[in-house]
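All ligand and atom numbering here is 1-based and tracks the order in the structure. Keep in mind it's a predicted model, so treat the numbers as computed, not measured.
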Amino acid sequence: MRLLENHSLLSYNTFGLAVQARYFFEYEMVSDLQTFLQTDVAKNNALYAVGQGSNLLFTKSFDGVVIHANNNYFELLAEDDNMVLLKVGAGVVWDELVAYCVQRNWYGAENLSLIPGTVGAAPVQNIGAYGVEVKDIIEAVLGVDLQSEVQLLTNEACHFAYRDSIFKKSLEGKFFVTDVVFRLSKNEAYNLNYGDINEALTHYDEISLATVRKAIIAIRESKLPDPKVLGNAGSFFKNPHVSKEKLSSLQQAYPGIPYYQLTEDEVKIPAGWLIEQAGWKGKRLGRAAVHDNQALVLVNTGDADGLEILRLSEAICSSVIEQFDIQISPEVIVL
Ligand code: EPU
């Protein structure tokens with residue numbers, strides 16, 4: 001456990017922004033977090049949990065306490081012929097959990113390979129990729145509230161939705177995820193319906209957890225920049241939901257417009273497509289830019305500050321509204 005003052009957050013945000021936290025609290029034991037939350041520093045300052053900061057845009061230094069979990073453990077809670085219940089510390093790097101499950105032939109996490117971030121952050125924004133969301137394998141989330149009480153939220157109580165949960169809404173800054181319990185299956189079953197996976201799997205002799213993981217990693221590496229090389233936070237925007245009528249009117253002008261059916265009346269349009277059509281792919285504004293291979297990803301080309309990246313995102317939103325009359329909104333949390 002340690003409490004630091006004026007601590008650099010450069011290695012705690014994947015945009016690579018040179019911001020600081022007024023206080024930085026790091027814990028290994030949940031009891032230390034409980035004790036800390038009773039101190040004056042905790043009671044008199046804004047609190048925010050940060051894992052690797054892979055979904056955050058800091059527009060300024062954080063004038064409060066950044067809470068960082070460093071409890072890196074895996075604990076098998078229960079097991080039968082069909083499934084395991086695995087409890088994992090919030091500090092574990094997300095992809096290490098995926099690798100751990102794949103090695104043991106436990107099904108469910110493989111499509112979420114190589115998503116940056118930590119286990120504690122995964123439920124906050126209900127991370128998702130290639131037809132799977134983390135809510136599909138979460139049994140419960142444990143954490144500590146502002147009264148220092150340990151709470152367990154069942155999957156249902158987390159109010160998971162597309163890149164959203166209760167932790168991003170009413171519990172933001174008031175509840176700190178310490179552990180997540182996952183339910184993984186021992187029965188062989190794959191989720192291969194998402195566009196590119198089947199094509200990527202043709203490069204391997206068999207379909208197994210290991211090859212699905214490899215295929216997903218290959219797709220991600222071909223499209224998404226490595227934050228260690230080029231600062232970014234994955235998809236900057238959510239894919240907007242529009243009505244069937246809106247889609248029909250767009251199809252008049254853009255017959256090839258891609259979309260995913262959500263319900264009978266609603267579809268999801270890839271924001272990356274809208275941004276590319278609006279002419280932003282590969283464009284720069286100051287030291288912020290739109291990635292060359294995936295228009296949904298904004299990158300820090302060097303020493304950009306958070307406001308430059310925010311300005312770029314606002315300019316993109318205005319262009320998309322002007323051209324399509326569709327409001328896109330950030331998936332990334334802007335602080
Ligand atoms: N597209 C373009 N131009 C672009 C990018 C995309 O035209 O520059 C179009 C293409 O038609 C493509 C379609 O958009 O077929 C969808 O693109 P892609 O499969 O790359 O997925 P996405 O909608 O861009 C979403 C998630 C990603 C996730 C992938 C795969 C959101 C906001 N993003 O991206 O999540 O990895 O699907 O499941 O839902 C993240 O959240 O950070 C993230 C990377």
Enumerate, atom names and distances included, each donor-acceptor pair closer than 3.5 Å involving a side-chain atom of residues 316-323, sequence neighbours excluded.
unit_1, atom_1, unit_2, atom_2, d
S318, OG, E314, O, 3.1
S319, OG, W280, NE1, 2.9
S319, OG, A315, O, 3.2
Q323, NE2, Y254, OH, 3.2

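Close approach to A295 involves these atoms of ligand 1, each under 4.0 Å from a residue heavy atom: 4 (C), 8 (O). Residue contact check: P270 has heavy atoms under 4.0 Å from atoms 13 (C), 14 (O), 16 (C) of ligand 1. The ligand atoms of ligand 1 that sit less than 4.0 angstrom from a heavy atom of G234 are 42 (O). Near A129, the atoms of ligand 1 lying under 4.0 angstrom from a non-hydrogen atom of the residue are 36 (O), 38 (O). Within the listing of ligand 1, atoms 31 (C), 32 (C), 39 (O) sit less than 4.0 angstrom from a heavy atom of Y162.
Across the listed options W280, F237, Y194, F237 owns the non-hydrogen atom lying nearest to atom 32 (C) of ligand 1. Comparing Q125, K281, E331, R163 against atom 35 (O) of ligand 1, the shortest heavy-atom distance belongs to R163.
When all heavy atoms of K281 and V290 are compared, the closest pair comes out as CA-CG1, 3.9 Å.
Under the salt bridge (charged side-chain N to carboxylate O under 4.0 Å, His left out) criterion, R2 pairs with E26, not counting sequence neighbours.
When heavy-atom distances to ligand 1 are checked against a 4.0 Å cut-off, Q294 comes that close through both its backbone and its side chain.
By the 4.5 Å heavy-atom criterion applied to side chains, Y12 and V66 are not counted as neighbours.
Between Y27 and F25, the ring planes are parallel. Angles under 30° get that label, and only those over 60° would be called perpendicular.
A donor-acceptor contact closer than 3.5 angstrom is absent between the side chains of N111 and Y190.
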